[in-house]
Amino acid sequence: MRGARIIGTGRYLPSRVVPNVELENYMDTSDEWIQQRTGIKERRYVQEGESSATMGAEAARKALEKAGLSPEDVDFVVFATLSPDYFFPGCGVLVQDMLGLREVGALDVRNQCSGFIYALQVAESLVKVGRYDHVLVIGAEVHSTGLDFSTEGRDVTVIFGDGAGAVVVGPSDPGEGILGTWTHSEGKYAKQLWCEAPSSACNPRISEEMLRERRHFPYMNGRYVFTHAVKRFSEVISEALEECGYALEDLDLLIPHQANLRISQAVAKNLGLSEEKVFSNIQKYGNTTAASIPIALDECVEEGRVSRGDLVCLASFGSGFTWASALVRW
Ligand code: UT7
């Protein structure tokens with residue numbers, strides 16, 4: 001079987017910057033609290049005309065450019081988001097149209113913070129078995145239009161931001177590129193981090209009562225999620241290294257989903273990994289769920305944090321619960 005590797009990366013961040021002090025105008029919070037508890041200094045919010053699909057398309061355009069490919073070269077699209085433009089259809093088909101792709105397959109993945117790695121696993125498999133040569137993998141998220149900006153929602157609202165990232169996965173020699181991907185879930189914790197409404201399990205799907213009860217805003221049991229995140233991040237990183245026969249010392253860079261700076265620090269401490277080997281850009285963008293890893297990857301490439309031959313681990317944990325990792329020989 002041939003290999004599969006990431007041959008291009010791209011990102012799109014909305015131009016509207018929202019610093020912590022702006023949030024102080026809407027809710028009882030402070031720049032100090034947010035920075036101390038999360039590491040976040042500012043995040044981006046979409047403006048009129050920007051959506052998960054439009055941002056995803058822009059990020060994908062850049063990834064294709066960097067891969068030296070044109071839209072006709074794309075064989076398949078996998079789009080990861082928890083905030084699709086519409087209930088249906090998904091964002092993958094919207095991007096197929098926006099980029100003028102051939103009539104290729106377009107799949108949406110709904111795995112929240114782990115969505116990008118789940119999507120990467122699909123792309124990896126399709127390329128490795130030789131089904132397709134170039135798969136576009138996109139993670140894009142719009143949180144700002146669905147957050148509770150009252151004090152009641154402050155624990156969740158201050159964390160999240162909008163943005164998009166994309167990669168192109170193409171063929172490589174066996175043993176280089178994406179060495180493997182590992183995905184997990186534990187649905188019994190679905191309600192510890194979720195957004196219930198609108199819901200097809202309710203008739204009507206949204207009601208005055210649901211709105212009054214704020215069931216259309218995301219709910220998170222923060223401390224509970226935090227504890228599970230530290231445990232699962234550590235496990236799934238170790239799983240990737242062990243299965244490929246590497247030790248922690250072999251790792252050049254860990255690019256974790258940007259959930260909370262304290263989570264990344266706790267994971268590094270847990271594993272015994274020096275913090276210089278852990279990439280972080282949550283300070284600028286907050287938590288952008290499925291978009292955070294591809295945005296980080298693109299920045300790492302641009303800043304020269306990853307170079308050919310480096311061993312890089314991507315890892316995530318989030319709603320579901322879901323967690324995942326990918327080990328890449330860059
Ligand atoms: O993307 C993957 C999934 N998400 C995560 O991984 C996030 C996991 N959880 C977290 O990052 C943290 O739990 C939070 C950042 C959400 C919260 O931090 P915490 O250190 O766990 O704080 P807490 O929820 O225990 O709250 C501590 C205090 C509370 O006040 P009292 O009860 O001690 O008086 C909260 O009401 O901080 C208060 N608080 C705030 N104060 C100012 C909660 N949110 C805020 C806020 N501003 N935004």
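Every heavy atom of this structure was used, including side-chain atoms; hydrogens, water molecules and symmetry mates were not. All ligand and atom numbering here is 1-based and tracks the order in the structure.
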Original post:
Is the side chain of Lys62 donor-acceptor paired with the backbone N or O of Ala166 at a distance under 3.5 Å, no angle test?
Top reply: no

**OP:** Could you tell me the residue and atom name of the protein heavy atom closest to atom 5 (C) of ligand 1, and the distance to it rounded to 0.1 Å?
**Re:** Val225 CG1, 3.6 Å

Subject >> Within-cutoff protein neighbour (heavy atom, under 4.0 Å) for atom 24 (O) of ligand 1 >> reply: no

Subject >> Protein non-hydrogen atom found under 4.0 Å from atom 34 (O) of ligand 1 >> reply: no

Subject >> Verdict with supporting geometry, His257 and Phe317, ring-ring contact (aromatic ring centres under 6.0 Å, His included) >> reply: CA-CA 7 Å; His257 157 57; Phe317 175 88; 9.0 Å; no

Subject >> Which of the ligand 1 atoms, numbered from 1, are nearer than 4.0 Å to a heavy atom of Val158 >> reply: 48 (N)

Original post:
If you count the non-hydrogen atoms of other residues, nucleotides and ligands that lie under 6.0 Å from NZ in Lys277, is the total more than 12?
Top reply: yes

**OP:** Could you check which of Asn260, Thr322, Thr227 puts a non-hydrogen atom nearest to atom 11 (O) of ligand 1?
**Re:** Asn260

Original post:
Does Leu82 offer a backbone N or O that forms a donor-acceptor pair with the side chain of Glu141 under 3.5 Å?
Top reply: yes

Original post:
Against heavy atoms of Asn287, which atoms of ligand 1 measure under 4.0 Å?
Top reply: 1 (O), 2 (C)

**OP:** Would you mind running through ligand 1 and noting each atom that sits below 4.0 Å from a heavy atom of Cys113?
**Re:** 1 (O), 2 (C)

Original post:
Near Tyr86 OH, under 6.0 Å, is it more than 12 heavy atoms from other residues, nucleotides or ligands?
Top reply: no

Original post:
Within the side chain of Ser234, is there an N or O that forms a donor-acceptor pair under 3.5 Å with the backbone of Leu271?
Top reply: no

Subject >> Aromatic Phe87 / basic Arg205 pairing, under 6.0 angstrom, 45° off normal >> reply: yes

Subject >> Which segment of Thr157 sits under 4.0 Å of ligand 1 when only heavy atoms are counted >> reply: neither

**OP:** State which residue, out of Arg2, Arg5, Lys128, fulfils the side-chain contact (heavy atoms from CB on, under 4.5 Å) condition with Pro171.
**Re:** Arg2

**OP:** Fit a plane to each ring of Phe149 and Tyr26, take the angle between them on a 0 to 90° scale, and name the class: parallel (under 30°), tilted (30 to 60°) or perpendicular (over 60°).
**Re:** perpendicular

**OP:** Name the closest protein heavy atom to atom 6 (O) of ligand 1, giving the residue it belongs to and the distance to 0.1 Å.
**Re:** Ile263 CD1, 3.2 Å

Original post:
Are the side chain of Asn20 and the backbone N or O of Ile40 linked by a donor-acceptor pair below 3.5 Å?
Top reply: yes

Subject >> Heavy atom of the protein closest to atom 47 (N) of ligand 1 (residue, atom name, distance) >> reply: Thr29 OG1, 2.6 Å

Original post:
Between Leu193 and ligand 1, which part of the residue brings a heavy atom under 4.0 Å of the ligand: side chain, backbone, both or neither?
Top reply: side chain

Subject >> From Phe321, Trp33, Tyr224 - option closest to atom 44 (N) of ligand 1 by heavy atom >> reply: Trp33

Subject >> Within-cutoff protein neighbour (heavy atom, under 4.0 Å) for atom 37 (O) of ligand 1 >> reply: yes

**OP:** Apply the side-chain contact (heavy atoms from CB on, under 4.5 Å) test between Thr181 and each candidate in Ile178, Leu179, Thr183; give the one that qualifies.
**Re:** Ile178

Subject >> Heavy-atom nearest neighbour in the protein, as seen from atom 19 (P) of ligand 1, with distance rounded to 0.1 Å >> reply: Arg37 NH1, 3.7 Å

**OP:** For Met220 and ligand 1, answer yes if some heavy atom of the residue is under 4.0 Å from a ligand atom, otherwise no.
**Re:** yes

Original post:
What are the atoms of ligand 1, with element, lying closer than 4.0 Å to any heavy atom of Thr38?
Top reply: 15 (C)

Original post:
Going by the order shown, which atoms of ligand 1 are within less than 4.0 Å of some heavy atom of Ile159?
Top reply: 16 (C)

Original post:
Going by the atom numbers of ligand 1, which of them fall below 4.0 Å from some non-hydrogen atom of Ala259?
Top reply: 1 (O), 2 (C), 6 (O)

Original post:
Can you check whether Ser52's main-chain N or O pairs, donor with acceptor, with Asp85's side chain at less than 3.5 Å?
Top reply: yes

**OP:** Would you confirm whether Asp75, through its side chain, and His134, through its main-chain N or O, come within 3.5 Å as a donor-acceptor pair?
**Re:** yes

**OP:** Check whether any protein heavy atom sits under 4.0 Å from atom 30 (O) of ligand 1.
**Re:** no

Original post:
Hey, is Arg262 one of the residues with a heavy atom under 4.0 angstrom from ligand 1?
Top reply: yes

Original post:
Against heavy atoms of Phe317, which atoms of ligand 1 measure under 4.0 Å?
Top reply: 2 (C)

**OP:** Name the closest protein heavy atom to atom 8 (C) of ligand 1, giving the residue it belongs to and the distance to 0.1 Å.
**Re:** Gly222 O, 3.6 Å

Original post:
What do you reckon, does His257 have a nitrogen or oxygen under 3.5 Å from a nitrogen or oxygen of ligand 1?
Top reply: yes

Original post:
Are Val156 and Ile34 in one and the same hydrophobic cluster, where Ile, Leu, Val, Met, Phe, Trp and Tyr link if side-chain heavy atoms are under 4.5 Å apart?
Top reply: yes

**OP:** Give the residue, atom name and distance (to 0.1 Å) of the protein heavy atom nearest atom 21 (O) of ligand 1.
**Re:** Arg223 CG, 3.5 Å

